[in-house]
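Have a look at the structure below before the remarks.
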Amino acid sequence: MSPHEPNRYINYQRIEDNIDIVRKRLGRPLTLSEKIIYGHLDNAAEQDIQRGVSYLQLRPDRVVCQDATAQMALLQFMSAGIPDVAVPSSVHCDHLILGENGADSDLARAKDVNKEVYDFLATTCAKYNLGFWGPGSGIIHQIVIENYAFPGALIIGTDSHTPNGGGLGAAAIGVGGADAVDVMAGIPWELKCPKAIGIKLTGRLNGWTSPKDIILEVAGILTVKGGTGAIVEYFGSGVDSVSATGMGTVCNMGAEIGATTSVFPFTESMHRYLVSTGRPEIADASRAFAHNLRADENAKYDEVVEINLSELEPRINGPFTPDLMTPLVKFKDTAKEKNWPESISACLIGSCTNSSYEDMSRAASLAKEALDAGLKVKSEFIVTPGSEQIRATTERDGMLEIFRQAGGKILANACGPCIGQWARHDVKKGDRNTILTSYNRNFTGRNDGNPATHGFVASPELVTAMAFGGSTSFNPITDTLTTPDGKPFKFTPPNGAELPARGFDAGRDTYQAPPADRSQISVKVSPESQRLQLLKPFTPWNGKDVENVPVLIKVKGKCTTDHISMAGPWLKYRGHLDNISNNMLIGATNIENGEANKVRNQVTGEFDA
């Protein structure tokens, strides 16, 4: 199943047996997502199966947790009294590293500030047989696609952007910590039977257009709730022009349309990626299983969207919502019309959405071209490598040095500004400004805590080029810049390699495997801790319904995980139930008064936080 777990195996035969049972029962062709989901049914012979109606009992292959959500999940698992996890599981330290001065100093500070939490996670993982990826290893989703995802897998992860694994043909689904605990404890996982939205891709990506533009287009069409209750499944001849990591980008940001997950059929780019990341046996096994890693002919979707990649042009989505799509060709005029701040204060590339080798190499090709002409960036330029492997490989191949010479700052291999872990000093809270990122979300205050920051999302290539223009009025495809010696400079289309010609450099070893003998390991939590709090069992249910419960808040409008429990400074309390409860729905708009973090006190009748 993974080089890190030599005694765990992929069971393609069980998936095939389940598919055969379900196909005979339903008497119709199956979509790819149905094959993967139904292939993991706990009881395929008796499970009720109706899209959008039934609740399925499933057996996932793997559980992955990021360090913020892992704290509560492991505290819950500890209370179950089970000696080790029932399925392969891992914890990834990526959410608690504040981006400010640069990789080395930021990482050192994070290890100091979060020592209590990191020690707890490392010890708990060792005791209960989980893999532990320490701080500096990289972002959970990049680590998963490099090490754990495989075609046909069912993975659940305690993070919204777990669907990144769809780039390797896995149904990778973001869940809450309690769901992860169920699976780690050996209980079947419950999922409402998803509908299937088909995205038919034709043509080929070319020039400035990137995989990011596919999902920016889909978000513009389906909106932030158009995928709710459905798996988005890509098919058609166009999928063959997209790299595995490019597919990961598309699936990752599919979370922004509310989709359960997104998935691509098996392609040769997946085989190439598996081989390049040290998994040739899995590559060959999935190729042999490819008939079950694509939709049946004439499979029916609940909705179909068609996109011709040959005609698709670069897009920029935002501000304040990832589904407000503007084609680059119209961005200059739209920005003026809407009075968006013209000067771009910061351009940021990387994150779990766009930090593959291909992304970095295409962005670096543009930065080098501008450097060679004597240009430097006009906006603050920040680069976040997605993993230690990406950092080490792009460092070896000269890309990070190109970014530095252009005026860029390299942050630690972590989420950083994408989730609000950004100590920003150039703009005061309340100052209107524009930033451009290659991230996935741009809700109000998401990246820097400033509600007046206009955040826009685009491909890393476009973000890099715009950093040299420094303005929303600059179109790098059509416009020229002036070099220091007075000559006009115009970018040529980006170019880059899908995979490194010299192979990947693993970099520093940041992985802790669980020890063979775990009997002497003990997990300690201080009762005075403000970061961690052991859970006490709830009083057993008395068997009666709870009645006349007061409604504390009814939410108006958007209610994403950002509105429910925002990240940023609150992440430090994710292992402390009492403290994190103070961050419950404080970003959501109360329908009673149209304000956020202002609800009626049910005792006094007054409005307060």
Find out whether [X] and [Y] are in side-chain contact, i.e. whether some heavy atom of one side chain is under 4.5 Å from a heavy atom of the other.
X: Glu313; Y: Trp208; answer: no
X: Phe132; Y: Pro514; answer: no
X: Ile307; Y: Val218; answer: yes
X: Glu16; Y: His291; answer: yes
X: Ile214; Y: Val242; answer: yes
X: Trp133; Y: Cys125; answer: no
X: Thr158; Y: Met72; answer: no
X: Lys35; Y: Asp296; answer: yes

Stepwise side chain to side chain contact (heavy atoms under 4.5 Å, CB included) check, Tyr357 with Leu499: CA-CA 6 Å; Tyr357 187 84; Leu499 296 164; 5.7 Å; no
Sidechain-backbone polar pair: [X] side chain, [Y] backbone, donor-acceptor under 3.5 Å:
X: Gln142; Y: Ser387; answer: no
X: Asn413; Y: Ser137; answer: no
X: Ser243; Y: Gly246; answer: yes
X: Glu388; Y: Arg508; answer: yes
X: Asn18; Y: Leu41; answer: yes
X: Asp213; Y: Arg315; answer: yes
X: Asp42; Y: Arg59; answer: no
X: Lys212; Y: Ala458; answer: yes
X: Asn129; Y: Val85; answer: no
X: Ser237; Y: Thr202; answer: no

Non-hydrogen atoms of [X] and [Y] that approach each other most closely:
X: Ser54; Y: Asp48; answer: OG-OD2, 3.0 Å
X: Ile564; Y: Cys559; answer: CG1-SG, 3.8 Å
X: Gly507; Y: Ala392; answer: CA-CB, 3.5 Å
X: Ala149; Y: Leu274; answer: O-CD2, 4.2 Å
X: Leu130; Y: Ser90; answer: CD2-N, 4.3 Å
X: Gly496; Y: Ser361; answer: CA-OG, 3.4 Å

Partner of Val91 under side-chain contact (heavy atoms from CB on, under 4.5 Å), chosen from Val63, Leu74, Val64: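 Among the candidates, only Leu74 passes.
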Option passing side-chain contact (heavy atoms from CB on, under 4.5 Å) with Thr464 (candidates Val383, Asp359, Ile349):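 One option only clears the test, and that one is Ile349.
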Pair Arg574-His95, side chain to side chain contact (heavy atoms under 4.5 Å, CB included): steps then yes or no: CA-CA 11 Å; Arg574 290 303 288 266; His95 269 59; over 6 Å; no
Validation row, ring centre Phe235 to ring centre Tyr301 under 6.0 Å: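 Yes, they do, as the ring centres are separated by less than 6.0 Å.
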Pair Val463-Thr437, side chain to side chain contact (heavy atoms under 4.5 Å, CB included): steps then yes or no: CA-CA 6 Å; Val463 175; Thr437 81; 5.6 Å; no
Give, for atom [atom1] of [X] and atom [atom2] of [Y], the distance between the pair rounded to the nearest 0.5 Å.
X: Ile173; Y: Ile36; atom1: CD1; atom2: CD1; value: 9.5 Å
X: Thr249; Y: Leu216; atom1: OG1; atom2: CG; value: 10.0 Å
X: Ile257; Y: Ile215; atom1: CD1; atom2: CD1; value: 5.0 Å
X: Ile221; Y: Ile197; atom1: CD1; atom2: CD1; value: 11.0 Å
X: Glu461; Y: Thr209; atom1: CD; atom2: OG1; value: 9.5 Å
X: Ser2; Y: Ile282; atom1: OG; atom2: CD1; value: 7.0 Å

Between [X] and [Y], a side-chain donor and acceptor under 3.5 Å:
X: Asp323; Y: Thr321; value: yes
X: His141; Y: Asp159; value: yes
X: Arg441; Y: Thr561; value: yes
X: Thr353; Y: Asn440; value: yes
X: Ser269; Y: Glu498; value: no

Should the ring pair [X] and [Y] be called parallel, tilted or perpendicular, given that the plane angle runs from 0 to 90° and is split at 30 and 60?
X: His4; Y: Tyr511; result: tilted
X: Tyr234; Y: Phe264; result: parallel
X: Phe266; Y: His271; result: perpendicular

Derivation and outcome, side chain to side chain contact (heavy atoms under 4.5 Å, CB included), residues Cys193 and Tyr38: CA-CA 9 Å; Cys193 188; Tyr38 304 160; 3.5 Å; yes
Cation-pi, Tyr148 ring and Arg62 (6.0 angstrom, 45 degrees):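 Yes, Arg62 sits over the ring of Tyr148.
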Verdict with supporting geometry, Arg14 and Asp17, salt bridge (Lys or Arg N to Asp or Glu O under 4.0 Å): CA-CA 5 Å; Arg14 181 172 184 272; Asp17 292 346; over 6 Å; no
